[in-house]
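So that the names make sense, note that chain A is the first sequence line, chain B the second, and so on, each numbered from 1.
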Amino acid sequence: MKKYLAIITMQLINNIAYPGDFLGRSISIGIFLFIFAGLWGTTFRIAGTDSINGLTFANMMWYLMMAETIELGRPRTNRIISEQVKNGEVAYILNKPYNFLMYHFSFGVGDSLLRVAMNIGVGLLAAWLLAGPPPSLLGWGMALVTLIGAWILHFCMMALIGLAAFLVEETNSFELIYQKFVFVLGGMLLPLDMFPEWLQGIARALPFPYMMYTPARLFVKPDVELFWQMLGVQWLWVIALVFLLAIAYRGSERVLTVNGG
Amino acid sequence: MTSIEVHDLHKVFQTKRKAAGLGASVRALFKPEYREVEAVRQLSFQMESGELLGFIGPNGAGKSTTIKMLTGILHPTGGDAKVLGYVPWKERQKLAFHIGTVFGQRPQLWYHLPAIDTFTLFGKIYELDDRETKKRIDFLTEAFEIRDLLETPVRKLSLGQRMRCEVAASLLHRPKLILLDEPSIGLDVVAKQHIRDAIRRMNQEEGVGVLLTSHDAGDLEALCKRVIIINHGQIVYEDKVSNLKRKHLTSKLVEVRYAQEVPANFHLDGVEVLKVGRYGVKLRFDTAHTSVDKVMAHLSSVGDLVDITISDPPLEEVIAKIYREAPTRMSRRE
Ligand SMILES: Nc1ncnc2c1ncn2[C@@H]1O[C@H](COP(=O)(O)OP(=O)(O)OP(=O)(O)O)[C@@H](O)[C@H]1O
Ligand SMILES: [Mg+2]
């Protein structure tokens with residue numbers, strides 16, 4: 001286990017060595033929130049109400065702040081794996097006494113930690129300016145706890161797409177499709193509460209809401225009963241996807257072709 | 001003790017044939033055409049532990065593919081292999097503790113960080129304790145003369161400096177065997193010499209076995225005791241480097257200068273006269289057919305010798321000749 005901790009640390013140091021990249025990235029969360037504040041401000045004004053389906057303007061802004069933090073901080077494992085397969089670097093990763101998936105997991109954690117922290121920092125500042133004080137400490141607590149499961153689910157999906165690179169050259173299109181699912185069914189664009197019943201039903205049967213909606217929703221409207229329920233389902237999905245990923249890895253190992261050399 | 005045993009190792013790559021033109025591309029989308037490349041064919045060989053074995057062959061011969069199979073990254077299409085007692089593609093992680101690898105064309109050191117960070121990380125990954133890692137780093141920095149380079153971000157090192165760090169990193173965990181795929185590619189003469197010296201030293205002091213691929217006959221001469229030459233995925237030659245030289249480096253090039261003018265009709269049986277100048281001659285002969293003694297006796301009988309150089313043709317030429325002759329050799333065997 002010590003080796004995986006070392007990989008996390010190494011990637012953290014690596015990111016700190018290049019602060020420009022993630023600084024630029026975290027500014028984008030401010031811009032997003034600014035644009036959404038304009039959109040939702042107008043929507044609430046036109047509708048002439050204080051809350052839509054139980055969510056106020058301030059709720060919306062803090063919801064989006066958390067959702068954007070997750071989207072911008074999620075692992076990019078798919079791109080890293082396909083890049084490494086294409087340029088042959090995967091040879092070195094496979095040649096070390098660690099588990100390939102655990103390596104990428106640790107690398108992703110190291111990568112995300114700083115980005116999530118930065119995004120929360122900048123997002124907090126922007127949302128506070130635009131929508132007033134942040135949610136309660138209970139909201140923060142529930143969000144942070146469910147963030148862990150959400151991150152792991154993102155990792156599993158990204159790693160599954162990444163493994164496809166063992167078989168086909170290009171995996172970008174898979175990521176685009178996946179992003180659309182998270183965008184709509186995950187509740188990134190709109191909280192699920194705003195969906196018609198039938199669409200909510202479909203979304204809740206899939207893993208996507210647990211990757212995005214769950215932490216963001218609990219953040220703005222902490223609810224103990226909902227927390228335990230969503231946390232439970234989230235971790236069932238975690239178990240299912242980790243299992244799927246492990247099987248997919250076993251299968252793809254055999255067909256890997258390493259380019260170049 | 002053998003450290004590598006390979007029997008009938010075979011690897012076929014299937015590559016999708018990329019058709020030209022839109023129509024063909026669309027057709028290929030529904031019914032892709034595959035082309036098979038036999039990268040390695042029925043390869044069999046052995047390597048003793050602590051041996052220095054050179055694996056050479058022209059581009060596309062199958063060297064890298066073989067190395068990738070021996071480290072367990074690629075699954076072979078057929079055949080068996082054992083490396084340090086492990087079947088590489090089945091026990092890759094166990095094997096990883098005992099071997100080191102360097103793929104000369106790509107870096108394993110973290111690019112933006114100083115090499116020392118990667119060394120320390122590798123210490124953790126190979127489960128060494130911190131004191132041991134530190135001692136080992138000290139030893140390797142001395143052996144590879146990289147003390148001044150360790151603190152510099154890897155991206156700022158020259159290729160030669162980086163390669164020394166790369167090879168040193170592959171030795172951190174005291175592997176019994178290292179597999180080096182073109183460690184000297186792109187290096188200048190001095191940098192090559194540097195790397196070779198360090199590798200030879202590690203072999204002598206720690207008995208680490210070295211399997212290296214190269215295009216450079218200099219690597220063979222300087223480092224390897226035995227050579228396997230492969231072409232089109234097959235072994236075309238396998239022998240001690242000294243034997244290769246003795247059997248194939250038989251032709252000698254001689255240049256002489258005299259105090260007096262040389263007779264224009266200079267001639268000697270069994271010797272090819274390449275050039276006759278006013279005061280000197282240049283000739284070539286094969287020691288298998290013409291004795292050195294006879295040539296020397298004749299040369300000194302012509303006049304007073306001022307200067308003489310005798311040289312071997314470059315090993316490169318010899319190897320190129322073996323590649324060219326290989327297909328006939330193989331067909332004769334069949
Ligand atoms: N991933 C791959 N997919 C398809 N064909 C491949 C792949 N890797 C290698 N090949 C083919 O297998 C053959 C052997 O390649 P390999 O890289 O082992 O040669 P090599 O001896 O290392 O050559 P070089 O000296 O140029 O590095 C070549 O014909 C190459 O085109
Ligand atoms: Mg090669």
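A:K2 has no carboxylate O lying under 4.0 Å from a charged side-chain N of B:E127, or vice versa, which leaves the two without a salt bridge.
Annotation: the span from B:Y111 atom OH to A:N14 atom CG amounts to 12.5 Å, rounded to 0.5 Å. Separation of atoms NE2 (B:H112) and CG (A:N15) is listed at 10.0 Å; rounding is to 0.5 Å.
At most 12 heavy atoms of other shown residues, nucleotides or ligands fall within 6.0 angstrom of atom NZ in B:K156. More than 12 non-hydrogen atoms from other residues, nucleotides or ligands lie less than 6.0 angstrom from CZ of B:F45.
Residues of residues 113-124 of chain B lying under 4.5 angstrom from chain A, judged on non-hydrogen atoms, are B:L113, B:D117, B:T118, B:L121, B:F122, B:K124 in numerical order. The stretch residues 90-108 of chain A places A:A91, A:Y92, A:L94, A:N95, A:K96, A:P97, A:Y98, A:N99, A:Y103, A:F107 near chain B, each with some heavy atom under 4.5 Å from a heavy atom of that chain. Contacts between residues 70-91 of chain B and chain A, defined by a heavy-atom separation under 4.5 Å, are made by B:T71, B:I73, B:L74, B:H75.
Applying the salt bridge (Lys or Arg N to Asp or Glu O under 4.0 Å) criterion to A:R74, with sequence neighbours excluded, gives A:E71, A:E175.
Of the atoms belonging to A:Q84, not a single heavy atom falls under 4.5 Å from chain B. Contact of A:L5 with chain B is not made at all, since no heavy-atom distance falls under 4.5 Å. Proximity to chain B (any heavy atom under 4.5 Å) is shown, for A:A6, by both the backbone and the side chain.
Counting heavy-atom pairs closer than 4.5 Å to chain A, the top residue among B:W110, B:F97, B:F103, B:F13 is B:W110. In terms of heavy-atom pairs under 4.5 Å with chain A, the best-connected choice from B:K11, B:Q14, B:R155 is B:R155. Taking B:I67, B:T65, B:I99, B:V102 one by one and counting their heavy-atom pairs under 4.5 Å with chain A, the maximum is reached by B:V102.
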Does the side chain to side chain contact (heavy atoms under 4.5 Å, CB included) test come out yes or no for B:Q108 and A:E89, once each step is laid out?
-> CA-CA 8 Å; B:Q108 69 174 326; A:E89 221 178 289; over 6 Å; no
